[in-house]
Amino acid sequence: MNKASAGETSDEPIIQTVAEPMQQYLQKAALSRGPAAKKPAEQGISSAAAKVRAFRPTHRQPLAMLHILDDGCREQGEAIRIRDSRWTIGRDKGDTAIPFDGDISTRHAELRCQRQKGRFRWFLLDRKSTNGTFVRAFRASLSRESELILGGRRYLFQVPEPGAEATETEALQTQAYQAPSRTMLQQFVPRLIEVGVSSEQERVFSVAAKETWIGSDERCQAAIDDDPFISPKHARIYKDETGRWMIEDQKSLNGVWIRVKKFAMDKTTEFQLGQQRFRFQPGVNQDRTEN
């Protein structure tokens, strides 16, 4: 799993990108085919020669690739080879400019390569942008106020603050019973709140203690039936064995995106700035050769 920042503490948010499950699947598939495949000796190749790897630079950062994805695509788009240790993306300033996207800040985000513990690592950093930097995740931990893109809308996952101690009133008087309002009850349970809309249009979904399904299917606890970019069963929110809140993509077409400030891109990563989506490879052909 990748961490959303360079820190190594257990409290840091965890984000597993969509590339990682595929990496794990390919590795298992390769192992399962192992016994049936011919051994190097049977092919007339020495075992020592079979372990030789293709050359990779060791004293400089690997050649990285940034793809500015075409609308509605995850593979096709403009490819830019990154040969610098820093690369800025913005609306009208930086190394890559997206001038027609008004949701992108002037200098929105930065790709930065740093050497840590003898190896080069690429990071995605938000440059205090107005609308944030989002990473596509297969599975991610949720903090007290995590911002998400689901379908064509944004949501805030909000966990209630620990309750303050009750204060004594100056005079206790018996009052007739009044049922608590729904707004009052919502203060005690986690919520998924739509953002970027007026208070009259704002939708609030309560998150169940066990799990909550999100999708266009009316059987989902958080049913969103008027968003054409939401899959029938798009994602689910649940608590893992450690009590941490998690969100997991359910093979949705348009994915689950979580807002980050700093994210280590050790694998191929998709991210979104404004309305523009990108794919970043920390090393050209790196993912292929690791398998």
Side-chain angles (χ1 to χ4, degrees), residues 1-24 26-27 30 51-69 74-75 77-91 93-98 104-129 132-141 143 146 257-273 276-291:
M1 290 188 181
N2 289 330
K3 291 185 179 294
S5 71
E8 299 295 334
T9 62
S10 59
D11 294 334
E12 291 293 335
I14 296 173
I15 300 176
Q16 185 180 15
T17 65
V18 292
E20 293 180 60
M22 180 57 69
Q23 294 280 337
Q24 295 164 4
L26 292 173
Q27 289 170 356
K51 294 180 180 179
V52 176
R53 293 187 176 185
F55 171 76
R56 285 287 185 271
T58 56
H59 298 299
R60 66 160 173 83
Q61 67 193 52
L63 179 66
M65 184 83 78
L66 175 67
H67 297 263
I68 306 173
L69 297 176
R74 294 185 65 185
E75 299 295 333
E78 179 185 355
I80 302 173
R81 284 176 166 80
I82 307 296
R83 294 184 172 88
D84 202 344
S85 59
R86 292 192 176 191
W87 195 268
T88 304
I89 306 172
R91 188 178 68 252
K93 291 183 179 180
D95 302 291
T96 295
I98 313 291
I104 294 180
S105 296
T106 300
R107 283 192 174 132
H108 196 111
E110 180 182 307
L111 308 175
R112 185 184 300 174
C113 189
Q114 298 176 340
R115 188 158 192 163
Q116 292 187 344
K117 298 180 180 179
R119 71 186 184 106
F120 291 98
R121 298 186 75 190
W122 278 97
F123 292 90
L124 172 65
L125 296 93
D126 184 76
R127 295 285 300 268
K128 297 181 180 180
S129 65
T133 296
F134 291 78
V135 168
R136 185 169 188 163
F138 163 65
R139 183 186 294 114
S141 61
S143 62
S146 292
W257 305 74
I258 186 166
R259 188 169 182 168
V260 299
K261 292 182 179 179
K262 184 177 182 180
F263 182 73
M265 297 187 292
D266 297 324
K267 301 285 185 181
T268 297
T269 301
E270 294 176 56
F271 63 94
Q272 179 169 330
L273 312 179
Q276 180 61 52
R277 293 184 171 179
F278 303 82
R279 190 176 76 252
F280 181 78
Q281 293 173 259
V284 177
N285 293 329
Q286 174 177 299
D287 294 338
R288 187 184 306 171
T289 56
E290 283 181 351
N291 293 318

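This chain uses plain numbering: 1 for the first residue, then up along the sequence.
- With Thr17 contributing its side chain and Thr269 its backbone, the two residues share no donor-acceptor pair below 3.5 Å.
- For the pair Pro282 and Lys267, the minimum side-chain heavy-atom distance is 4.5 Å or more.
- For Arg107, there are no side-chain hydrogen bond (donor to acceptor under 3.5 Å, both in side chains) partners two or more places apart in sequence or in a different chain.
- Looking at residues two or more places apart in sequence or on another chain, you find a side chain to side chain contact (heavy atoms under 4.5 Å, CB included) between Thr96 and Leu66, Ile68, Ile80, Trp87, Ile89, Ile98.
- In this view, Arg60 satisfies the salt bridge (Lys or Arg N to Asp or Glu O under 4.0 Å) rule with no residue, not counting sequence neighbours.
- Under the ring pair (Phe, Tyr, Trp, His ring centres under 6.0 Å) criterion, Trp122 pairs with Phe280, sequence neighbours left out.
- When the salt bridge (Lys or Arg N to Asp or Glu O under 4.0 Å) test is applied to Arg119, no partner is found at least two apart in sequence or on another chain.
- Here Phe134 pairs with nothing under the ring pair (Phe, Tyr, Trp, His ring centres under 6.0 Å) rule; sequence neighbours left out.
- Considering only residues two or more places apart in sequence or on other chains, Arg277 meets the salt bridge (Lys or Arg N to Asp or Glu O under 4.0 Å) condition with none of them.
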Yes or no on side-chain contact (heavy atoms from CB on, under 4.5 Å) for Arg136 and Arg74, after CA distance, side-chain angles and deciding distance?
CA-CA 11 Å; Arg136 185 169 188 163; Arg74 294 185 65 185; 3.2 Å; yes
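- Nearest heavy atom pair, residue Gly283 against residue Pro62, reads CA-CB, 4.3 Å.
- Summarising the geometry, atom OG belonging to Ser143 is positioned 11.5 Å from atom CZ belonging to Arg259; distances are rounded to the nearest 0.5 Å.
- Here the closest heavy-atom approach between residue Phe120 and residue Thr58 is recorded as CE1-O, 4.3 Å.
- Residues passing the salt bridge (Lys or Arg N to Asp or Glu O under 4.0 Å) test with Arg115: none are found, sequence neighbours excluded.
- For the side chain to side chain contact (heavy atoms under 4.5 Å, CB included) test, residues two or more places apart in sequence or in another chain that qualify with Arg91 are Ile104, Thr106.
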List the steps and the verdict of side-chain hydrogen bond (donor to acceptor under 3.5 Å, both in side chains) for Gln114 and Arg121.
CA-CA 5 Å; Gln114 298 176 340; Arg121 298 186 75 190; over 6 Å; no
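- Taking 4.5 Å as the limit, some side-chain heavy atom of Arg83 sits within range of a side-chain heavy atom of Leu63.
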What verdict does the salt bridge (charged side-chain N to carboxylate O under 4.0 Å, His left out) test give for Arg127 and Glu110, after you've listed the backbone C-alpha separation in whole Å, the side-chain angles of each residue and the deciding distance to 0.1 Å?
CA-CA 7 Å; Arg127 295 285 300 268; Glu110 180 182 307; 3.1 Å; yes
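- For Val260 against Phe263, the heavy-atom pair with the smallest separation is CG2-CB, 4.1 Å.
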Set out, in order, the CA-CA distance, both residues' side-chain angles and the distance that settles side-chain contact (heavy atoms from CB on, under 4.5 Å) for Leu69 and Arg279, then state yes or no.
CA-CA 7 Å; Leu69 297 176; Arg279 190 176 76 252; 3.6 Å; yes
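- For the pair Arg86 and Leu111, the minimum side-chain heavy-atom distance is 4.5 Å or more.
- Take Lys128 and apply the side chain to side chain contact (heavy atoms under 4.5 Å, CB included) test, not counting sequence neighbours, and it matches no residue.
- Side-chain contact between Phe278 and Leu273 is present, with at least one heavy-atom pair separated by less than 4.5 Å.
- Side-chain contact annotation: Gln281 with His67, donor-acceptor N/O pair under 3.5 Å present.
- Every residue two or more places apart in sequence or in another chain that forms a side-chain hydrogen bond (donor to acceptor under 3.5 Å, both in side chains) with Thr133 is listed here: Asp126.
- Annotation: side chain to side chain contact (heavy atoms under 4.5 Å, CB included) contacts of Ala140 (sequence neighbours excluded): Ile15, Ala137, Ile247, Ile258.
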